[in-house]
Amino acid sequence: MRPYALDVQTVQGMGVYQPTPAMTTALYGISVLSAAISGYHGYKRNKSIGWGVGWFMLGGMFPVLVPVIAVAQGYAKPAKK
C-alpha cells in the first residue's frame, strides 16, 4: 500500500504543465517591471524610501494587482494629507 494517494509517476503521466524557458523569462520580466513601477509609485507617493521598498517588494510578488492599485491611487501622485 502506498502512503500517498498520488505518486510522482502518476503525476508525470497526467500532463502536468511545464512552462517553457521563454514563458519563465517573460514572467520574471513582468515581475521585475512591476516591482520597479510599484517602487517608484511608493516612493513618490509617500516621499519615503521605506515605502518605496515596500511597494517594490509587493510589486514583485503580485505583478498584476499592485500596479492596478497604484493607478487607482493616482500613479506617483503625493498622498493627500
Side-chain angles (χ1 to χ4, degrees):
M1 183 171 202
R2 293 184 300 214
Y4 303 106
L6 290 174
D7 61 355
V8 174
Q9 290 142 355
T10 304
V11 172
Q12 288 175 348
M14 293 174 62
V16 175
Y17 175 71
Q18 294 294 323
T20 63
M23 181 62 88
T24 303
T25 302
L27 291 175
Y28 283 139
I30 290 169
S31 182
V32 168
L33 182 63
S34 171
I37 288 169
S38 300
Y40 179 77
H41 167 72
Y43 174 73
K44 291 299 251 181
R45 180 165 176 81
N46 300 297
K47 302 283 192 263
S48 167
I49 292 175
W51 277 103
V53 169
W55 274 85
F56 178 88
M57 292 183 345
L58 288 172
M61 290 189 297
F62 306 105
V64 175
L65 178 66
V66 175
V68 169
I69 293 171
V71 169
Q73 289 181 340
Y75 182 72
K77 292 180 182 173
K80 295 179 181 172
K81 296 185 183 204

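Index from 1, following the sequence.
- With hydrophobic clusters built from ILVMFWY side chains whose heavy atoms lie under 4.5 angstrom apart, Ile49 shares a cluster with Met57.
- Hydrophobic cluster membership for Val68: none, as no Ile, Leu, Val, Met, Phe, Trp or Tyr side chain comes under 4.5 Å of it.
- A distance of 15.5 Å separates CZ in Phe56 from OH in Tyr43, rounded to the nearest 0.5 Å.
- The cluster map of Ile, Leu, Val, Met, Phe, Trp and Tyr, joined by side-chain heavy atoms under 4.5 Å apart, puts Leu58 and Ile69 in the same cluster.
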Under 3.5 Å, side-chain donor or acceptor atoms of residues 24-33 against the rest of the protein: list the pairs with distances, not counting sequence neighbours.
unit_1 : atom_1 : unit_2 : atom_2 : d
Thr24  : OG1    : Thr20  : O      : 3.1
Thr25  : OG1    : Pro21  : O      : 2.9
Ser31  : OG     : Gly60  : O      : 2.7

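- In this structure, NE2 in His41 is found 4.0 Å from CH2 in Trp55, a value given to the nearest 0.5 Å.
- Taken from CZ in Phe62 to OG in Ser34, the straight-line distance is 10.5 Å, to the nearest 0.5 Å.
- Residue pairs meeting the side chain to side chain donor-acceptor pair (under 3.5 Å) criterion with at least one partner in residues 44-53, sequence neighbours excluded, are Arg45-Gln73.
- Of all the heavy atoms in Ser38 and Val66, the pair that sits closest is OG-CG1, 3.3 Å.
- With sequence neighbours excluded, no residue satisfies side chain to side chain contact (heavy atoms under 4.5 Å, CB included) with Val71.
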